[in-house]
There are 2 protein chains.
Amino acid sequence: MSKKLEDIHKRHAMIKDLISSQEIFNQTQLVKAMKQKGIKSTQATLSRDLTELGVVRVPTSTGLIYKLSATGDETNLKYRVAEEIISVAGNESVIVVKTYPGRAQGVAVFIDKQNDLDTLGTIGGDDTIIVIPKSVKKIKKTIEQIKIILGIK
Amino acid sequence: MSKKLEDIHKRHAMIKDLISSQEIFNQTQLVKAMKQKGIKSTQATLSRDLTELGVVRVPTSTGLIYKLSATGDETNLKYRVAEEIISVAGNESVIVVKTYPGRAQGVAVFIDKQNDLDTLGTIGGDDTIIVIPKSVKKIKKTIEQIKIILGIK
DNA sequence: AATATATTTGCATAATTATGCATAATCTTG
DNA sequence: CAAGATTATGCATAATTATGCAAATATATT
């Protein structure tokens, strides 16, 4: 297992921990709070982390604070989407996802939302989606990722 | 009635409308969108409005966009209800709440739910609500409480 | 292991948002 | 209606956040 990946995970976990246990008003404050907990990073990195974690800055009576955005149906959605997929396959240049009739649009939107997928974009018809990878070299990997995210084989 | 209050309400309504009907990425874009709809304002004012409306900026696959924060959130409901109220006043026997057209029912339900209010009940029409206090002696106090709960003056 | 690919990070800075202050608009009270 | 008080707004700018780029680190391939 990658040391780096562990670190990122640790940092993300710490961020979630901090923003849910205390009022964090801005990113420099977060930098300091993390430092106290033994994790050093910079405002720039945290800005990216917050985006990845889907954290929002909400107005409250005490000021703008960071909060984890409401999740919950995410896992559920995943299941439903997975059930609509027939197959995921690729050739040398694109990935093709087959779905049950009329389901392609919804699945395509879901795939688009997974911003940890290295895709340029998707086009969905009625029962077929074309996924354009960032690079043709990533096709295999991306197919794997899609399958992993959706928990299918 | 105040011209100004109407304008603010209109602007707030427009903001909610715009951010829920299209992707608004930043405040200058919002300024332009509002202008097209005939409401002129500045980035500074909109910044304040967004805070008042409890709007959040959430990360999505297409970038950071503004969204009304999760419904069901109590604080939020409060904001929205408060937005619909024009005035709260009383005479020697009842309290009258004036709202924007068609909003009275919703506001009345909200007031009913506040069980720390010393009221016997409410009757709501289209834009007016009559609130019956437990005792006429509590009218002043109850008006105050309503205003405090909703954070209005 | 060596080389090639890909990812993460920090720095510097651009982009964006929030706010103090002065002014204008509105409201209140006499 | 006038005078004073309050609230809303815009301007200028401070505060904060996001990002291009290059270096560092990690991963994959042979």
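Proteins come first, then strands; the chains are lettered A, B, ... in the order of their sequence lines, and each starts at number 1. Note that this is a predicted model, so its numbers are computed, not measured.
Counting non-hydrogen atoms of other residues, nucleotides and ligands closer than 6.0 Å to CD of B/Gln22 gives a total above 12.
Taking 4.5 Å as the limit, every side-chain heavy atom of A/Ile15 sits out of range of all side-chain heavy atoms of A/Leu18. Taking the side chain as every heavy atom from C-beta outward, A/Leu50 and A/Tyr66 approach each other to under 4.5 Å.
Using a 4.0 Å heavy-atom cutoff across all strands shown, B/Thr45 reaches sugar-phosphate atoms only and no base atom. When heavy atoms are screened at a 4.0 angstrom cut-off, A/Leu64 is found touching the sugar-phosphate backbone but no base atom.
Atom pair A/Ile15:CD1 and C/dT9:P shows a separation of 10 Å (rounding to whole Å applied). At whole-Å resolution of the value, CG in A/Leu53 and C1' in D/dT17 are 16 Å apart. Protein atom CD1 of A/Ile65 is 17 Å distant from nucleotide atom C1' of C/dA18, rounded to whole Å. If you measure from atom CZ of B/Arg11 to atom P of D/dT7, you get 16 Å, rounded to the nearest angstrom. Rounded to an integer number of Å, the gap from A/Leu30 CG to D/dA15 C1' is 17 Å. Between the CD1 atom of B/Ile19 and the P atom of C/dT17 there is a distance of 13 Å, rounded to whole Å. Spacing between atom CD1 of B/Ile24 and atom C1' of C/dT16 amounts to 15 Å, rounded to whole angstrom units. In this structure, A/Lys40 atom NZ and C/dC11 atom P are separated by 9 Å, rounded to whole Å.
Distance from the side chain of A/Ala44 is smallest for C/dA12 among the nucleotides C/dA12, D/dT17, C/dA18. If you check C/dT17, D/dG20, C/dT19 against the side chain of B/Arg48, the one that comes closest is C/dT19. The side chain of B/Ser47 sits closest to C/dT19 out of D/dG10, C/dT19, C/dG10.
Taking only side-chain nitrogens and oxygens, A/Gln29 never comes nearer than 4.0 Å to OP1 or OP2 of D/dT16. Taking 4.0 angstrom as the limit, A/Tyr66 places a side-chain polar atom (N or O) nearer than this to OP1 or OP2 of D/dT17.
Each of A/Arg57 and A/Gln43 was assigned the nucleotide of DNA chain C with the nearest heavy atom; the assignment lying further toward the 5' end belongs to A/Gln43. Where A/Leu46 and A/Lys141 meet DNA chain D, the nucleotide closest to each residue was compared, and A/Leu46 sits on the side nearer the 5' end. Sequence order on DNA chain C of the closest nucleotides to A/Asp49 and B/Asn26 puts A/Asp49 first from the 5' end.
B/Ile19 approaches B/Lys67 most closely through the heavy-atom pair CD1-C, 4.0 Å.
For A/Gln43, the side-chain hydrogen bond (donor to acceptor under 3.5 Å, both in side chains) partners are A/Gln27, not counting sequence neighbours.
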